[in-house]
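Here the structure comes first, spelled out in structure tokens, and everything after it is commentary.
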Protein chains: 2
Amino acid sequence: MGGDFGPRCIVPACIDSLAEFPSLRLILVGQAQIIEQLIAEHPAADRSRLLVHPASEVIAMDERPAQALRCKVDSSMRQALELVRSGAAQACVSAGNTGALMALSRYVLKTLPGIDRPAMISAVPTARGRCHLLDLGANVDCTAEHLYQFAVMGAVVAEAQGVPRPRVALLNVGTEDIKGNQQVRLAASLLQQAEALNYIGFVEGDGLYRGEADVVVCDGFVGNVVLKASEGLASMIAARLEALFRSGVRARLVGLLALPLLRRLSGELRPARHNGASFIGLQGIVVKSHGGAGPEGFRAAIGRALAEVGENLPQRLHGRLGQLLR
Amino acid sequence: MGGDFGPRCIVPACIDSLAEFPSLRLILVGQAQIIEQLIAEHPAADRSRLLVHPASEVIAMDERPAQALRCKVDSSMRQALELVRSGAAQACVSAGNTGALMALSRYVLKTLPGIDRPAMISAVPTARGRCHLLDLGANVDCTAEHLYQFAVMGAVVAEAQGVPRPRVALLNVGTEDIKGNQQVRLAASLLQQAEALNYIGFVEGDGLYRGEADVVVCDGFVGNVVLKASEGLASMIAARLEALFRSGVRARLVGLLALPLLRRLSGELRPARHNGASFIGLQGIVVKSHGGAGPEGFRAAIGRALAEVGENLPQRLHGRLGQLLR
């Protein structure tokens, strides 16, 4: 029911996903009448893999998480998470209120032993491949111990996605030991002692995109602002490129020729393709789609959740935490 | 003497700057023999506008600021700032150790009345023009009061550069009142009460590049990481574009045609063109050139300092602070 466009965007995205992923089965949780009407607009949809699970309440995008937790027992978000807890579903995907989704996820699913706070993680494209960045906004204030736990979780995610001995770094304002705030410096000393992790030290903002590390750890304030600023900058550059190739007859001609090449690049960088931040550290899989994502973006988030089911991420994390946490 | 390339980069940049700015007079502060040798390689240099002021010591790029402050009385950095304090120079430009430059600037020049901490500010290109972003790394931990003072200083800088009634915003992880950490929320309530400022609320990372505000305020950790990540992302996109236009015969042909257009774009975005972060809140003008900047970047930093002399920035700030600070 959530996101900037609600079920009008999510239902068609779900139906497309069923066609894209033959092993996928979806349970759409929310106000059944609205959802059924939207499904009815797609008579070719495979109803055998598409259930509707009713939930009467909706959490607003600007609702306080504590309010959502206390007062809305029958919200679509809560009911979807209950399906994961009970085992009726293997993952939850939501485009709704991020703070409420995090609070409800912690309350319903609980964190894994040894993890104080779940984190949001996503991969950004770099000059050398991809880098897993966390936290992306679930925790605006973090202690050194939280940053340490994020590093451990990030390493396990990177391993699960096929990176052997992932290089783990802390995001900082410089690479020298004396740089940064107290939390980051203290987290560095914790990580230096963690022999099971391949901790490589501090990276700066530009090092993130140079691909200096496979996992980059920061607090949720920094991660959220960096990710959104990057999306904003990439969009601005794309718009400038487009304007450039419309700025005269000759430019238009060159632009027509260059267009297929530019589309390939923009496809690689496009946020929708990389949509979906995972909540990790929970006893279950939860993927947050960007509230402003269109159907293509929401489909990408479903794909992310499906991949995590395949990677068996929570169980894998659980198994490694005892070894990696001090 | 500072920066990654030292006087070998800075001296030629200075000589070029004399040709570029006819009103400019430069005092090169540092180890006189090295500097004179480098000047001698440019016999056409206008020596009537180029003085050498000897200073025997050099502050290393990784030296602790406190150490630089206590032990190196005759460092080039310190002596350059003393020239500004005494009025012999109107501005100081350095590519050296940022932390040491900030500590020495505060010690030698002092802050303006009402300003607790100087900040680093620079303008980033946006979809609608430019946005002044601060702090860029001078203060990794900030109180709400510091953020408030940064907002006031940023507004005066934007005004000095011709923006009437600049829109001032706080960088945050969301735009709703409940979002962010305590410092940011408290700074918002201080700014809401400041009638002399055009405070427009929170902006997110993408809003920065969409041009939603003329001045964006954050702590130095966030600002530094955002600015460097943006530089890294822009470089990565530029490299991808270049690779794209080399990926085959047809692509090469299109690339040759598109090259002049792409060069125009990359010129607009290129960090060197926008090099030089200003230290503001001091009783004097100090511009920090990026340590890794080449001659073109250092020339841009000199140009920035010259512009600030024309804008009479410290005096202008002094005049407005009484009105704007609570």
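Side-chain atoms are counted along with the backbone in the values below, which use heavy atoms only and exclude waters and symmetry mates. Chain letters run A, B, ... following the sequence lines, proteins first, then strands; residues in each count from 1. Every value quoted in this text rests on a predicted model; they were computed, and no experiment measured them.
Heavy-atom pairs under 4.5 Å with chain B were tallied for Thr98(A), Asp62(A), Asn224(A); the largest tally goes to Asn224(A). Counting heavy-atom pairs closer than 4.5 Å to chain A, the top-ranked of the candidates Asp177(B), Asn172(B), Leu208(B) is Asn172(B). The most heavy-atom pairs under 4.5 Å with chain B, out of Gly211(A), Ala239(A), Gly180(A), come from Gly180(A).
Of the atoms belonging to Arg64(A), heavy atoms from both backbone and side chain fall under 4.5 Å from chain B. Proximity to chain B is limited to the side chain of Asp141(A), based on heavy atoms less than 4.5 angstrom apart. For a residue to count as touching a neighbouring chain, one of its non-hydrogen atoms must lie under 4.5 Å from one of that chain's; by this rule Asp219(B) does not touch chain A.
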Q: Evaluate the side chain to side chain contact (heavy atoms under 4.5 Å, CB included) criterion for residues His132(B) and Arg130(B): first the C-alpha distance (whole Å), next the side-chain angles of each, then the deciding distance (0.1 Å), finally the verdict.
A: CA-CA 7 Å; His132(B) 298 272; Arg130(B) 301 189 323 147; 3.8 Å; yes
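Ionic pairing of Lys228(A) and Glu231(A) is not present here: no N-O contact between side-chain nitrogen and carboxylate oxygen is shorter than 4.0 angstrom. Salt bridge annotation for Lys72(B)-Glu63(B): present, with a cationic side-chain nitrogen under 4.0 angstrom from a carboxylate oxygen.
Looking at heavy atoms from C-beta onward, Ser278(A) lies out of side-chain contact with Val286(A) at the 4.5 angstrom threshold. Looking at Ile178(B) and Pro65(A), their side chains come closer than 4.5 Å, going by heavy atoms from C-beta outward.
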